[in-house]
Amino acid sequence: MALNNKSHPEEFILLGFTDLPWLELPLFLILLIIYPMAMMGNIVIILVSRLDPRLHSPMYFFLTNLSFLDMCYTTSTVPQMLVNLGSSKKTISYVGCVVQLYFFHFMGSTECLLLALMSLDRYVAICRPLHYTIIMNQRMCFLLVSIMWLSGMAFAVSEVTITLQLPLCGLNKLDHLLCEIPVLINSACGEKSTNELALSVVCIFIVAVPLCSILTSYAYIGQAVFKIKSSEGRKKAFGTCSSHLIVVFLFFGPVISMYLQPNSSITRDQPKFMALFYGVVTPTLNPFIYTLRNKDVKGALGNLMRRIFSSK
């Protein structure tokens, strides 16, 4: 194996599902179908949110950010997965692995924070409706989103940079579909307890704290919804919140099992399936969940389609 300056390999071999070769072709075909679906679905959400004046509200501003983030999230991994699954050479260059590490964890960290921010928006809208436009004004929304993106970048850069300092001792095989921090830490040699501790601390702030804030927000939202006298009002509040809750559980469930579960209880192929779920499946489902369960988005999408066909 060739080494670059005897410090790191020139490329990594991503073993993926080489022990289950029958799975590679179906997985390749599935990714080939759902990746364009994810891109198109999120582009549609962004277009309808920007083009329909009725959707110019904080909730859809955050949803637009989520759609853009999900497009970047899937793009950081799926093209490389398709190349490796579709060929016998399952490699990624060292530089490509580093870039993937930064972008994948940047997007993942930011999504955790964004989902917490969206739950805060729903809390203010339902529990403080009279103050909603004052609290969630345009300036505040831009400020919160800016802090969110910068915080996600800071966490990703710090954790990935620390991980890249670990010695690999000539090893260039990663038992995974992509370059991910826990896999690199497990593959490293020498003392790595500091890196494991740093990852645990980061996960507490990036995963556990946002999830606790989401659950707390929805506990208050649940109380407020049951106090709404109008059945139509309760139905509308439940509709907007249920979409977000579905996305939260689809994303945080696999993330917790990957990053907060003890290594001793994780099976060999579990990280691969979990990465596929929170890195590919969830970003693909997000636009469909928000479209199918949200009357405003469905109405805006219908108006956009009518405008497109009527112009022809």
Side-chain angles (χ1 to χ4, degrees), residues 42 45 49 57-73 104-129 131-132 135-159 181 199-225 237-261 274 277-279 281-283 285-287 289-290 293-294:
N42 284 298
I45 290 288
S49 297
S57 66
M59 184 175 79
Y60 296 104
F61 172 68
F62 296 135
L63 182 57
T64 299
N65 275 268
L66 179 64
S67 293
F68 175 73
L69 191 155
D70 283 340
M71 289 169 62
C72 297
Y73 202 17
F104 183 74
H105 291 90
F106 172 31
M107 297 303 155
S109 301
T110 307
E111 181 145 348
C112 291
L113 299 173
L114 178 55
L115 291 174
L117 193 55
M118 293 173 76
S119 71
L120 174 64
D121 172 70
R122 292 298 84 209
Y123 165 77
V124 177
I126 294 173
C127 299
R128 300 288 185 272
H131 301 94
Y132 180 65
I135 297 173
M136 302 302 290
N137 57 66
Q138 189 178 48
R139 183 178 178 181
M140 179 58 71
C141 290
F142 276 109
L143 178 62
L144 290 172
V145 164
S146 299
I147 293 172
M148 173 201 75
W149 283 100
L150 291 173
S151 299
M153 181 185 295
F155 279 114
V157 168
S158 60
E159 187 56 38
I181 288 175
L199 181 60
S200 298
V201 172
V202 167
C203 287
I204 289 172
F205 284 101
I206 285 293
V207 179
V209 172
L211 181 58
C212 288
S213 70
I214 290 170
L215 295 178
T216 302
S217 295
Y218 275 102
Y220 284 108
I221 289 171
Q223 291 179 344
V225 167
F238 179 76
T240 57
C241 293
S242 61
S243 299
H244 183 244
L245 271 176
I246 291 170
V247 171
V248 165
F249 288 121
L250 285 175
F251 181 77
F252 276 97
V255 169
I256 288 171
S257 69
M258 178 67 177
Y259 284 87
L260 295 179
Q261 190 175 342
M274 293 301 99
F277 207 90
Y278 58 71
V281 176
T282 304
L285 293 178
N286 283 354
I289 292 170
Y290 279 106
R293 298 187 63 85
N294 189 302

Mind running side chain to side chain contact (heavy atoms under 4.5 Å, CB included) on S119 and L115 for me, showing each step along the way? CA-CA 6 Å; S119 71; L115 291 174; over 6 Å; no
Under the side chain to side chain contact (heavy atoms under 4.5 Å, CB included) criterion, do H244 and Y218 qualify, and how do the steps go? CA-CA 10 Å; H244 183 244; Y218 275 102; 2.7 Å; yes
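The distance between the ring centers of Y73 and Y278 does not fall below 6.0 angstrom.
When atom types are taken as modelled, the side chain of S109 and the backbone of F106 share no donor-acceptor pair closer than 3.5 angstrom. D121 contributes no side-chain N or O that, together with a main-chain N or O of L117, makes up a donor-acceptor pair within less than 3.5 Å.
Between the CZ atom of F251 and the CD1 atom of I256 there is a distance of 10.0 Å, given to the nearest 0.5 Å. M107 contributes atom CE, which lies 5.0 Å from atom CH2 of W149 (distance to the nearest 0.5 angstrom). The OG atom of S151 sits 12.0 Å away from the CZ atom of F205 when rounded to the nearest 0.5 Å. Residue Y259 holds its OH atom at 12.5 Å from CE of M274, rounded to the nearest 0.5 Å. F252 contributes atom CZ, which lies 8.5 Å from atom CD of E111 (distance to the nearest 0.5 angstrom). Distance NE2/H105 to OG1/T110: 12.0 Å, rounded to 0.5 Å.
In this structure, L211 and V248 have side chains that are in contact, with non-hydrogen atoms separated by less than 4.5 Å. Considering only heavy atoms from C-beta on, F277 comes within 4.5 Å of T282 through its side chain. Taking 4.5 Å as the limit, some side-chain heavy atom of C241 sits within range of a side-chain heavy atom of I221. Annotation: side chain of P58 is in contact with side chain of F62 (closest heavy-atom distance under 4.5 Å). Proximity of M136 to L144: side-chain heavy atoms (C-beta onward) are separated by under 4.5 Å at one or more points.
Minimum interatomic distance between V207 and C112 (heavy atoms only, all atoms of both residues): CG2-SG, 4.3 Å. Closest non-hydrogen pair, A116 versus I214, comes out as CA-CG1, 3.6 Å. Of all non-hydrogen atoms in S213 and P210, the two that sit nearest each other are OG-O, 2.6 Å. Closest of all the heavy-atom pairs between L113 and G152 is CD1-N, 3.8 Å.
Around the OH atom of Y132, the shell of radius 6.0 Å holds more than 12 heavy atoms that belong to other residues, nucleotides or ligands.
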